[in-house]
Amino acid sequence: MTQIAEQSPNKLVLRQNYVSFGRVFREILVTGIGVGFLLWTGPAKLNCQRIEPTQVTCQLSKPGWLGLGVWQNTPIRNLQAVELTTNVDDGVFYQVLLQTSEGEVPLREYKTSGLDNTQESVDRINTFLKDPTANRLSIAQVDWLQWSGLLPGMFFLVGINALYVSLLSIRSKLIESYCIDQTQNRLTYQYGSLWRQRQEHYDFSDIHRVILDVDPWAKVRLFVEMRSGELLCLCGQAHPSVKSPWEGAEWQQVQPIADEVSRRVYRPWQLALGFGQTWIDKYVAPNPYAKGIAQWLRANVQSSKVWVFDRSAHCIISQDSNTVKTYTLSDFVDVQVQLTPTRRLVPKEDSDGDKFYDVNYQIVLVLTSKRQVAIQYYSSREYNWEPESGKQATAQVRAEETAQRIRQYVRKD
């Protein structure tokens with residue numbers, strides 16, 4: 001979310017961080033914890049060497065509790081035999097005991113219910129002891145408790161993935177700021193990472209208009225459009241390099257910033273619906289890293305036209321890729337919220353068998369000629385909801401909120 005970083009009589013600085021550096025630090029910490037678990041958790045290892053035909057010395061290496069701490073090394077000077085013990089207590093558990101001249105040494109501290117791997121270790125040790133021509137033996141035994149120590153190693157994978165999302169997928173743009181300097185009549189756009197910063201400068205005369213856009217989720221973004229057609233999103237995440245560019249902000253957060261920006265650049269802000277579609281077509285769709293995002297946005301953003309309400313010019317402009325239509329504000333009567341007439345409210349079931357409704361509403365512009373024009377569509381999936389319940393669907397709430405914004409803008413003195 002964009003915040004006012006500096007505000008003075010002649011200067012306004014807005015800054016939005018696409019990545020919280022506290023979050024990045026936590027992800028690095030999580031990754032480090034995962035690396036530690038992966039490095040320090042391992043199997044108990046038995047390495048044996050035949051000194052004489054009847055004398056075998058071994059080195060037993062064990063990790064600490066759940067792999068934490070340093071490895072423990074136990075020398076075995078004379079391995080004489082191996083024994084497999086069975087304990088029946090709430091189940092059958094097995095343990096391998098190494099018989100030495102100094103007593104018994106357990107291959108693992110804990111008993112296990114797995115016989116296959118345990119029996120294989122016993123057979124290999126016995127074969128080695130009985131074969132005077134065999135010189136070396138190496139066995140690795142992993143206790144299930146030691147394996148559980150590997151589970152926190154998932155921290156490593158989770159941390160790496162989170163770091164990728166935070167750092168790599170957004171490429172170089174971690175920070176963006178906008179400085180409006182009235183002493184120089186200039187808007188400075190600064191972006192980059194901790195290692196590289198870039199700046200672009202625009203004179204106030206380069207600014208065509210300031211747009212406050214309301215999307216089908218009733219979220220808001222603040223755009224500045226240059227006469228060259230270039231767009232800057234001053235408020236509300238809409239950058240194509242961000243993983244989820246369709247996260248707008250609340251009206252109460254953006255509208256005061258829009259008022260301040262408009263006052264300083266001498267351009268009254270205009271209210272728009274569907275202006276974000278222009279952003280998708282210009283910046284998101286051509287980005288090779290955002291193809292999936294662009295497809296999702298086009299599938300979910302139903303508005304194909306851009307509607308701009310311009311109080312200063314006393315007009316309403318409807319624009320698509322081919323045509324531009326203009327209405328005067330005197331043609332405006334009201335905006336109404338209606339169920340989409342081509343969509344019936346029919347109950348459906350999801351994959352879990354839960355009942356839901358696909359609810360679709362539209363905002364209709366009512367003109368003095370009694371003509372009605374649908375200007376934006378809203379959809380929501382409703383569970384635990386019935387058409388006759390009197391409870392408003394999410395789509396209706398969003399549509400009513402946007403319709404109220406239009407009425408307040410058009411009818412403001």
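Formation of a donor-acceptor pair under 3.5 Å by the Arg407 side chain with backbone atoms of Val335 is found in this model. Asp350 places a side-chain N or O within 3.5 Å of a backbone atom of Asp352 that can act as its donor or acceptor partner. Asp206 places a side-chain N or O within donor-acceptor distance of the main-chain N or O of Asp203, the cut-off being under 3.5 Å. With hydrogens and angles ignored, the 3.5 Å screen pairs a side-chain donor or acceptor of Thr85 with a backbone N or O of Gln95. Judged by distance alone, with hydrogens and angles left aside, the side-chain atoms of Arg311 form no donor-acceptor pair with the main-chain N or O of Gln270 at under 3.5 Å.
A ring-centre distance under 6.0 Å is not found for Trp269 and Phe309. Aromatic pair Tyr178/Tyr189: ring centres closer than 6.0 Å.
Taking 4.5 Å as the limit, every side-chain heavy atom of Thr188 sits out of range of all side-chain heavy atoms of Asp181. Counting only heavy atoms from C-beta outward, the side chains of Leu137 and Asn47 never approach each other to under 4.5 Å. The side-chain heavy atoms of Leu222 and Val210, taken from C-beta on, include a pair separated by under 4.5 Å. Looking at Leu46 and Leu98, their side chains come closer than 4.5 Å, going by heavy atoms from C-beta outward. The closest side-chain heavy-atom distance from Met226 to Ile207 is below 4.5 Å. With contacts defined as side-chain heavy-atom distances shorter than 4.5 Å, the pair Cys48/Leu79 qualifies. No side-chain heavy atom of Lys305 sits under 4.5 Å from any side-chain heavy atom of Gln319. The shortest side-chain heavy-atom distance between Lys325 and Trp307 does not fall under the 4.5 Å cut-off.
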Verdict with reasoning, Tyr377 to Tyr361, per ring pair (Phe, Tyr, Trp, His ring centres under 6.0 Å) = CA-CA 6 Å; Tyr377 299 90; Tyr361 276 83; over 10 Å; no
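Other residues, nucleotides and ligands place no more than 12 heavy atoms under 6.0 Å from the CG atom of Asn384.
Closest heavy-atom contact between Asn360 and Asp358: ND2-O, 3.5 Å. The shortest heavy-atom contact between Asp213 and Ala272 is OD1-O, 3.3 Å. For Gln376 against Gly274, the heavy-atom pair with the smallest separation is NE2-N, 4.3 Å. Ala393 and Ser380 get closest at one heavy-atom pair: CB-OG, 4.2 Å. Between Val224 and Leu234, the closest heavy-atom pair is CG2-CD1, 3.6 Å. Closest heavy-atom contact between Ser205 and Arg267: CA-NH2, 4.0 Å.
Here SG of Cys179 is found 10.0 Å from CZ of Arg15. Values are rounded to the nearest 0.5 Å. Interatomic distance, CG of Leu232 versus CD1 of Ile211, reported as 13.0 Å (0.5 Å rounding). Of the inter-residue distances, the one linking Ile406 atom CD1 with Arg411 atom CZ reads 11.0 Å to the nearest 0.5 angstrom. For the atom pair Ile316 CD1 and Thr328 OG1, the distance stands at 7.5 Å (nearest 0.5 Å).
A salt bridge links Arg209 with Glu225: at least one charged nitrogen is closer than 4.0 Å to a carboxylate oxygen. Under a 4.0 Å N-O distance rule, the pair Glu401/Lys219 does not qualify as a salt bridge.
A side-chain donor-acceptor contact under 3.5 Å links Asp320 and Thr323.
Note on ring orientation: taking the six-membered ring where Trp is involved, the planes of Phe204 and Tyr266 are perpendicular (angle over 60°, cut-offs 30° and 60°).
Judged by the 6.0 Å distance and 45° axis criteria, Arg398 is not positioned over the aromatic ring of Tyr378.
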